[in-house]
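So that the names make sense, note that chain A is the first sequence line, chain B the second, and so on, each numbered from 1.
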Amino acid sequence: MIQDTFERINQMVLKEFIQIFRDKRMKAIVFVIPLLQTMVFGYAVTMDVNHIPTAVYDVDRSYESRELVRRLTAPGYFDVLYRPGSPDELRDLLDRSKITFALQIDRGFSADLKRRIPTSVQVLVDGTDSNTGIVALDYANRIILKFQRDLSATRPAPAVRIDLRQRAWYNPELKSKNYNVPGVIAMVIMLTSLLLTSMAVVREREIGTMEQLMVTPLRPAELILGKTIPFAIIAFFDMVLVTVFGVLVFDIPINGSLALLPLSTAIYLLSILGIGLVISTVAKTQQQALMSTFLFYMPAVLLSGFMFPIENMPEVFQYMTYLNPLRYFLVIIRGLFLKGNGMSILWPQMAALLVIGVAVISFSALRFRKRLG
Amino acid sequence: MTDDQDHIAVKVESLSRKFGDFVAVDRISLEVKKGDIFGFLGPNGAGKSTTIRMLCGLLIPTAGQGTVGGYDINTRSEEIKKIIGYMSQRFSLYDDLTVEENINFFSGIYNVPQARKPARKQWVLEMAGLGDSRSALTRTLPGGYKQRLALGCAILHEPSILFLDEPTSGVDPLSRRGFWKLIYEMSKAGTTVFVTTHYMDEADYCDRLALIYRGSIIAEGTPGELRRKHMTADVLEIETENVVTAMDALGRSGIETAIFGSVLHATVGSAREDIPRLKKLLADAGIEVNRIEKIVPSLEDVFVTLIEQS
Ligand SMILES: Nc1ncnc2c1ncn2[C@@H]1O[C@H](COP(=O)(O)OP(=O)(O)OP(=O)(O)O)[C@@H](O)[C@H]1O
Ligand SMILES: [Mg+2]
């Protein structure tokens, strides 16, 4: 009995893969859309944040401090436009938006380095354009880390330590990280899974094979699995595709272990595949399935924190974001990539995703079965 | 009706189905003996597909009972699905899969035992005449071949009862004849075949017939019985250059007529008295008659009469 069930699901999955790889449109959804989205968002970032207007307030005026500034400006990310003579002047420049980024190196920096005691530099960021701000901080961070590593390598232990005292002004937490490629993973999984699931079911109904399936021993639950497993597999594939592409082409940092990525993706997929099934029960044609998918996808992206900070939304919309699986998955995926967060920090998001996922998939399964009967 | 229960493949009692207020099937009752070819005939929209879909577990009846292979259609559709084959009115294979992929898929879905799969596949390929096109995309096949492949995929699991909903619609006459030969062979091998059609000329292939019209069964029996019971009048066949004007002329005198291809059939009380009368009527209307004679009524004549009576 159980082998029979397994065999039937297996046949459904196999057939779905043959059909996807034979259909140009489906292939585009699987391969082209993810890479295109990564390109769009990836390049939008790097183009935006070159030539950041910068001020350097170097009080130390040592070989080391000049070397740090040289390294900072060399790759072309930062253009040093001002060399203010006092902290007040620096502040004024930021206030009047003459600069976005400021580096302050205090007296004693090189002396500390020579004596190998921990020292620090200060960076200030204009957080209004949070996008640029966070990228600037990230660049500065990496350059200073490299500087510190290089210094440690040429001198005997103990290692040199430079603390980066970073402060973002005006929007201290830089919450709208609409630049990052990890977010694209979340969006790509949503879009491809929704499209593939809803289209595949509606297509069968359109061409009449659904009715044929319904007179075979295939059970509704098996049909649902047969119509979701292939797209879950493809979603995982796309996740890996975008990750590899993001790391190789856009140098996306992986600051933590990605071990939680498959697990959280699986939980996220419960909601997405469920919504895909619901769309398939509403849409009568593939055209309608496509439109309904975008009708859901657009607001889901807008109300996720991907582009606009949730805190800046009207209150009603803020509450709506709590129902949006993308909201939670974005936090998880960014946490995993950028902050190296683990379960201890991300569990509330995981739990919320799980609750929403179970609710959506149960509802959709019920609706789907009803629609068949 | 109690001691021959074992010989009954399909049994239906006062089965109804409504769509909103519209009654598509109205309290029909029928019985199909095992191994019979049962023809379910009726014009477009009569309720044939609705009935078949209730029997296959695709639609829930609004009222009434029925069994298929001894299983209650209201409660045991899971079991029913294992013993029936169904070919819907619309072509319903995957046309973006190859012939072989379709066969593999359906034998998997029907849980054909692994050991039997190759033999069943070979059988279907031969039956459909597709031995050389197994890797052709199904959408590239000519209509008749598609139809045979669809039949093959519906009977991969060797069902004991086969439901065919207008299997020959849109197929050329030669393929239609070939298709009926297949149905006949399966019935000889013990399969019960429940087949709908609106080609009345196909009715003679069936062991028993039921005629459904506007949701109700208006006649039932073997083809011979139906001819005898319901055809008290005579049918005249008239051959003329201009069937339409002839039909108009006779219609004005209150004579029932129907066009059959290039000839006209007229239903009259008695051939002996009416042949001269019709000849005169047509001559008066200026229509030249090549031939007029009494014929054995076709089932189509029977049904035209029945439908006009109801
Ligand atoms: N799902 C439905 N909803 C509403 N009305 C329906 C539905 N299915 C069928 N009908 C109506 O019920 C009537 C019977 O339809 P059915 O398909 O059973 O006819 P049929 O005898 O198979 O005709 P055809 O030769 O055209 O296939 C028709 O008038 C049809 O419009
Ligand atoms: Mg029909």
Side-chain angles (χ1 to χ4, degrees), chain A residues 1-29 196 199-227 229-230 284-286 368-373, chain B residues 49 52-61 68 73-74 77-98 100-114 117 135 137-139 149-151 153-157 159 161-165:
Chain A
M1 278 313 282
I2 191 77
Q3 285 103 312
D4 286 357
T5 291
F6 184 76
E7 159 87 354
R8 292 193 292 258
I9 297 174
N10 192 28
Q11 286 297 336
M12 285 293 293
V13 173
L14 213 71
K15 170 195 75 91
E16 219 62 55
F17 274 116
I18 295 177
Q19 288 183 311
I20 289 171
F21 289 109
R22 208 163 271 167
D23 183 355
K24 277 205 199 85
R25 248 187 329 174
M26 294 286 187
K27 264 196 290 202
I29 293 175
L196 291 174
M199 302 264 278
V201 175
V202 172
R203 190 185 49 202
E204 294 234 14
R205 208 177 300 122
E206 259 186 319
I207 60 178
T209 43
M210 190 58 90
E211 179 164 302
Q212 196 65 43
L213 290 180
M214 293 320 296
V215 290
T216 68
L218 190 74
R219 298 209 182 88
E222 295 162 1
L223 177 61
I224 290 174
L225 285 173
K227 284 288 172 193
I229 291 173
K284 292 200 171 57
T285 62
Q286 292 188 68
F368 193 78
R369 293 177 77 131
K370 215 172 192 171
R371 175 69 213 253
L372 292 175
Chain B
S49 298
I52 255 191
R53 299 180 75 228
M54 286 193 282
L55 294 175
C56 294
L58 286 168
L59 266 182
I60 298 162
V68 169
I73 58 169
N74 282 306
S77 59
E78 293 283 310
E79 278 83 0
I80 292 177
K81 284 171 186 174
K82 288 182 185 149
I83 56 155
I84 64 165
Y86 166 70
M87 200 176 142
S88 85
Q89 192 170 350
R90 289 168 70 190
F91 176 73
S92 54
L93 294 180
Y94 296 96
D95 65 3
D96 52 347
L97 296 190
T98 65
E100 196 167 16
E101 284 163 351
N102 265 306
I103 298 174
N104 291 345
F105 174 73
F106 282 105
S107 42
I109 292 288
Y110 279 117
N111 296 120
V112 174
Q114 209 61 38
K117 274 183 184 167
S135 42
L137 279 187
T138 307
R139 80 162 70 93
L149 181 62
L151 175 65
C153 287
I155 57 179
L156 276 164
H157 56 307
I161 306 169
L162 183 56
F163 292 93
L164 305 172
D165 195 357

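Residue Phe17(A) places its CZ atom among more than 12 non-hydrogen atoms of other residues, nucleotides or ligands, all under 6.0 Å distant.
Rounding to the nearest 0.5 angstrom, the gap separating the CD1 atom in Ile9(A) from the CD1 atom in Ile109(B) is 9.5 Å. The structure places CD1 of Ile207(A) at 9.0 Å from CZ of Phe91(B), a figure rounded to the nearest 0.5 Å. To the nearest 0.5 Å, atoms CD1 (Ile18(A)) and OH (Tyr94(B)) are separated by 11.5 Å.
Only the side chain of Leu213(A) has a heavy atom closer than 4.5 Å to any heavy atom of chain B. Only the backbone of Leu93(B) comes within less than 4.5 Å of a heavy atom of chain A; no side-chain atom from C-beta onward does. Contact annotation for Phe163(B): neither backbone nor side-chain heavy atoms come within less than 4.5 Å of a heavy atom of chain A.
When all heavy atoms of Leu97(B) and Gln19(A) are compared, the pair lying nearest together is CD2-CG, 3.8 Å. Ser92(B) and Thr209(A) make their closest contact through O-CG2, 3.4 Å (heavy atoms, listed as atom of the first residue, atom of the second, distance). Leu58(B) and Glu211(A) make their closest contact through CD1-CG, 3.5 Å (heavy atoms, listed as atom of the first residue, atom of the second, distance). Leu137(B) approaches Arg22(A) most closely through the heavy-atom pair CD2-NH1, 3.7 Å. Listed here is the closest heavy atom pair of Gln212(A) and Ser88(B): OE1-N, 4.0 Å.
No side-chain heavy atom of Leu14(A) sits less than 4.5 Å from a side-chain heavy atom of Glu101(B).
Of the listed residues (Gln3(A), Arg8(A), Glu7(A)), just one forms a side chain to side chain donor-acceptor pair (under 3.5 Å) with Asn111(B), and that residue is Arg8(A).
Among Glu222(A), Arg203(A), Arg219(A), the residue with the largest count of heavy-atom pairs under 4.5 Å with chain B is Arg219(A). Listed options Arg53(B), Gln89(B), Glu79(B) were ranked by heavy-atom pairs under 4.5 angstrom with chain A; first place goes to Arg53(B).
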Checklist entry - Do Asn104(B) and Lys15(A) pass the side-chain contact (heavy atoms from CB on, under 4.5 Å) test, and can you show the C-alpha distance, the side-chain angles, and the key distance before you say yes or no? => result CA-CA 10 Å; Asn104(B) 291 345; Lys15(A) 170 195 75 91; over 6 Å; no

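For Lys81(B) (side chain) and Met214(A) (main-chain N/O), a donor-acceptor pair under 3.5 Å exists by modelled atom type.
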